[in-house]
Amino acid sequence: SVAVRVSVPVARIALIPRGETHAARLSLFASVRDAAGDPGAVQKVPFHLDIPDDRLDDALGDSVHYPLPVVLRPGDRQLAVTIRDETSGVIATKTLDVSELAPPFG
């Protein structure tokens, strides 16, 4: 198991005013592909963000981070992480070669 740190720039997230905060709902999806190109199960993680109004200006210049635990199997080669902004519908995907991260299996 490895922890992948997912970072999202706050300025790219649709923030909805809610009382004294601005809120966002994101969904993270992760899947690992093996050497044969077969994908593993897709892991879905909801991610909610609440930013107090008095921190909003500073937060817009920052990123939010989420530690996503990922289980690697022998032969896994590629990790795909997709982030969906549930308010705007915007989707972004990043892939990573994990073959060098995987521990030696014996």
Side-chain angles (χ1 to χ4, degrees):
S1 179
V2 296
V4 175
R5 183 177 181 212
V6 177
S7 298
V8 181
V10 174
R12 296 193 173 223
I13 300 171
L15 297 167
I16 305 297
R18 289 209 174 129
E20 296 181 7
T21 66
H22 279 70
R25 289 184 352 190
L26 306 172
S27 293
L28 307 177
F29 300 88
S31 181
V32 180
R33 185 175 299 206
D34 65 19
D38 296 324
V42 175
Q43 175 183 354
K44 179 182 178 185
V45 180
F47 180 44
H48 301 280
L49 177 65
D50 289 303
I51 301 172
D53 286 344
D54 62 348
R55 292 248 322 113
L56 183 60
D57 288 337
D58 291 335
L60 289 173
D62 291 336
S63 294
V64 293
H65 309 284
Y66 187 87
L68 181 65
V70 177
V71 176
L72 299 177
R73 304 163 301 195
D76 284 343
R77 293 291 178 252
Q78 191 176 55
L79 168 67
V81 176
T82 297
I83 301 166
R84 175 178 162 74
D85 184 324
E86 296 295 343
T87 302
S88 68
V90 172
I91 296 172
T93 300
K94 180 73 176 176
T95 59
L96 173 69
D97 180 358
V98 296
S99 60
E100 295 178 11
L101 301 177
F105 296 101

Pairs meeting criterion ring pair (Phe, Tyr, Trp, His ring centres under 6.0 Å) with involvement of [range], two or more places apart:
range: residues 75-99; answer: none
range: residues 21-41; answer: none
range: residues 38-76; answer: Phe47-Tyr66

Hydrophobic clusters here meaning ILVMFWY residues chained together by side-chain heavy-atom distances under 4.5 Å, can you tell me if Ile83 and Leu96 are in one?
yes

Do Val42 and Leu26 share a hydrophobic cluster, counting only Ile, Leu, Val, Met, Phe, Trp and Tyr and linking them when any side-chain heavy atoms are less than 4.5 Å apart?
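In one cluster with Val42: Leu26, no.
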
Any non-hydrogen side-chain atom of [X] less than 4.5 Å from a side-chain atom of [Y]?
X: Val90; Y: Arg12; answer: no
X: Val10; Y: Leu15; answer: yes
X: Leu72; Y: Leu79; answer: no

Identify, with sequence neighbours excluded, every residue that meets side chain to side chain donor-acceptor pair (under 3.5 Å) alongside Thr82.
Thr93

Gap separating the CG atom of Asp62 from the CG atom of Asp57, nearest 0.5 angstrom:
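If I round to the nearest 0.5 Å, the distance is 11.5 Å.
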
Sequence neighbours left out, what passes side-chain contact (heavy atoms from CB on, under 4.5 Å) with [X]? Give chain and number order.
X: Ala92; result: none
X: Ala36; result: Asp34, Asp38
X: Pro39; result: Ser31
X: Ala14; result: Asp85, Thr87, Ser88

Counterpart residues, salt bridge (charged side-chain N to carboxylate O under 4.0 Å, His left out), relative to Arg84 (two or more places apart)
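For Arg84, the residues satisfying salt bridge (charged side-chain N to carboxylate O under 4.0 Å, His left out) (neighbours in sequence not counted) are Glu86.
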
